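Contents: one structure, followed by commentary.
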Amino acid sequence: GILSAAVQASFHNPNYASFNVSLVSCLLTRADAGVYEGDARRPLILSTVADKLLADFVLFQQRTPTQQQQPTAAAYFARFYYNLRRQLAATLLNVCKSFSKVLVLSFDKYYAKCMALINDDGGSSQSAASSTTQMEKSILVQCLVCLSNEFGSAQMQFDLVKQFVSPMAEFFAAHSASLATAPAFMHFLGLGSGGCDAGVALNNRKLVFFYVNCLLGILKSLNCCAE
């Protein structure tokens, strides 16, 4: 009853929504402990929770730019939107880890939704604030990898992970000279004197940080399986 009420609740205030997500997460620890084991409604309950988390993520993602366009005090409020988005993504990851056997039954649905967010870099008609952040993308990638563990297919998992790893390999291969030595790497990141252009260096730092963290997340979520 409480979990159902929490899932059905709708808040416009990101702080109230954050409290509700924390409640949902707390209630799910009981589900993880086997409270709903054997309950025929369990798959529907967990699928509804995952859908709610994704729907709220998209909702507050769309609302973030409106806060940044407000006066300073309201713009500061946008930080709460980013914090909530990260909390929603992290909670979804915990759900995917704990209940992968149930959620994998709807893998195609979650794959489509997560990939749409992962590939969302923001277009010319879209505010950067409404695009998925690198941290959020890394978490969503882990969600899909966790679910893929349940297929028991090394080839399927390889094909999935390859989608995420290939851009990393291409990036580091294209800049192999800049990664060959410590001084070259520092120059690549814009550290020390005589670094590369500040804008280019900032983008390099963001990509290196994102790719390394994303790769570590994949490795933590991946369970090597045999055909």
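This structure is a prediction, so every number in the text was calculated from the model and none was measured.
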- Any Tyr211 side-chain heavy atom under 4.5 Å of Pro167 side chain: yes
- Would you give the length of the straight line joining atom CZ of Arg86 to atom CZ of Phe57, rounded to the nearest 0.5 angstrom? 11.5 Å
- Within 6.0 angstrom of Met135 CE, more than 12 heavy atoms from elsewhere: no
- Query: With a cut-off of under 6.0 Å to the ring centre and 45° to the axis, is Arg79 in cation-pi contact with Tyr82?
  - Reply: no
- Kindly compute the distance separating OH (Tyr81) from CG (Asn15), expressed to the nearest 0.5 Å. 9.5 Å
- Query: When Lys52 is tested against each of Leu54, Val49, Asp56 for side-chain contact (heavy atoms from CB on, under 4.5 Å), which residue passes?
  - Reply: Asp56
- Heavy-atom side-chain proximity of Ile218 to Gln142 below 4.5 angstrom: no
- Item | Any Phe164 side-chain heavy atom under 4.5 Å of Ile118 side chain | yes
- Scan side-chain atoms only and decide if Tyr110 and Ser47 contain a donor-acceptor pair under the 3.5 Å cut-off. yes
- Are Val161 and Phe158 connected in a single hydrophobic cluster, I mean Ile/Leu/Val/Met/Phe/Trp/Tyr linked by side-chain heavy atoms less than 4.5 Å apart? no
- Shared hydrophobic cluster for Leu179 and Phe209 (ILVMFWY, side-chain gaps under 4.5 Å): no
- Message: When you measure from the side chain of Ser18 to the backbone of Leu84, do you find a donor-acceptor pair of N or O atoms at a distance under 3.5 Å?
- Response: no
- Side chain Ser176, main chain Phe172, donor-acceptor under 3.5 Å: no
- Would you sort out whether Leu160 and Tyr111 count as a side-chain contact (heavy atoms from CB on, under 4.5 Å), showing the intermediate values? CA-CA 10 Å; Leu160 176 69; Tyr111 175 82; 3.7 Å; yes
- Are Leu93 and Leu28 connected, step by step, through hydrophobic side chains (Ile, Leu, Val, Met, Phe, Trp, Tyr) whose heavy atoms are closer than 4.5 Å? no
- Task: Count the heavy atoms of every other residue, nucleotide or ligand shown that sit under 6.0 Å from CG of Leu202, and state whether that count exceeds 12.
- Result: yes
- Message: Given 3.5 Å as the limit, does a donor-acceptor pair link the side chain of Asn149 with the main chain of Asn223, or not?
- Response: yes
- Look at the side chain of Ser106 and the backbone N and O of Lys109, then say whether any donor-acceptor pair between them is shorter than 3.5 Å. no
- Same cluster for Val95 and Leu105 if Ile/Leu/Val/Met/Phe/Trp/Tyr side chains link at under 4.5 Å? no
- Distance-only side-chain donor-acceptor flag, Gln8 / Ser4, under 3.5 Å: yes
- Residues pairing under salt bridge (charged side-chain N to carboxylate O under 4.0 Å, His left out) where one sits in residues 136-145, two or more places apart or in two chains, turn out to be Arg85-Glu136, Asp121-Lys137
- Contact check, side chains of Leu144 and Met115, non-hydrogen atoms, under 4.5 Å: yes
- Task: Look up atom CZ in Phe210 and atom OG1 in Thr133, then write down how far apart they are to the nearest 0.5 Å.
- Result: 9.0 Å
- Search all heavy atoms of Ile139 against all heavy atoms of Ala90 and return the closest pair with its distance. CG2-N, 4.0 Å
- Task: Provide the closest heavy-atom pair for Phe60 versus Phe11 in the form atom of the first, atom of the second, distance.
- Result: CZ-O, 3.2 Å
- Message: Pairing donors with acceptors under 3.5 angstrom, does anything connect the side chains of Gln87 and Ser22?
- Response: yes
- Message: How close do Arg205 and Gly190 get, counting heavy atoms only, and between which atoms?
- Response: NH1-CA, 4.2 Å
- Message: Which label fits Phe185 and Phe188: parallel for a plane angle under 30°, tilted from 30 to 60°, or perpendicular past 60°?
- Response: parallel
- Message: If I compare all heavy atoms of Leu147 with all of Ser100, which pair ends up nearest, and what's the gap?
- Response: CD2-CA, 3.9 Å
- Query: Where is the tightest heavy-atom contact between Ala184 and Ala177, given as atom of each residue plus distance?
  - Reply: CB-O, 3.8 Å
- Message: Could you tell me if the side chain of Lys113 sits less than 4.5 Å from the side chain of Val58, heavy atoms only?
- Response: no
- Query: Are the side chains of Ser178 and His187 in touch, meaning some heavy atoms are under 4.5 Å apart?
  - Reply: no
- Message: Please give me the minimum heavy-atom distance between Gln61 and Asp120, naming the atom from each residue.
- Response: NE2-OD2, 3.9 Å
- Message: Quick check on side-chain contact (heavy atoms from CB on, under 4.5 Å): which of Thr48, Leu92, Val7 does Leu53 satisfy it with?
- Response: Leu92
- Is the ring centre of Phe151 less than 6.0 Å from the ring centre of Phe107? yes
- Message: Here's a test for you: under side chain to side chain donor-acceptor pair (under 3.5 Å), which of Gln155, Gln157, Lys162, Gln163 qualifies with Asp159?
- Response: Gln155
- Message: A side-chain contact here means heavy atoms from C-beta on lying under 4.5 Å apart; do Val141 and Ser138 qualify?
- Response: no
- Report whether Val24 and Tyr16 are members of the same hydrophobic cluster (ILVMFWY, side-chain heavy atoms less than 4.5 Å apart, transitive linking). no
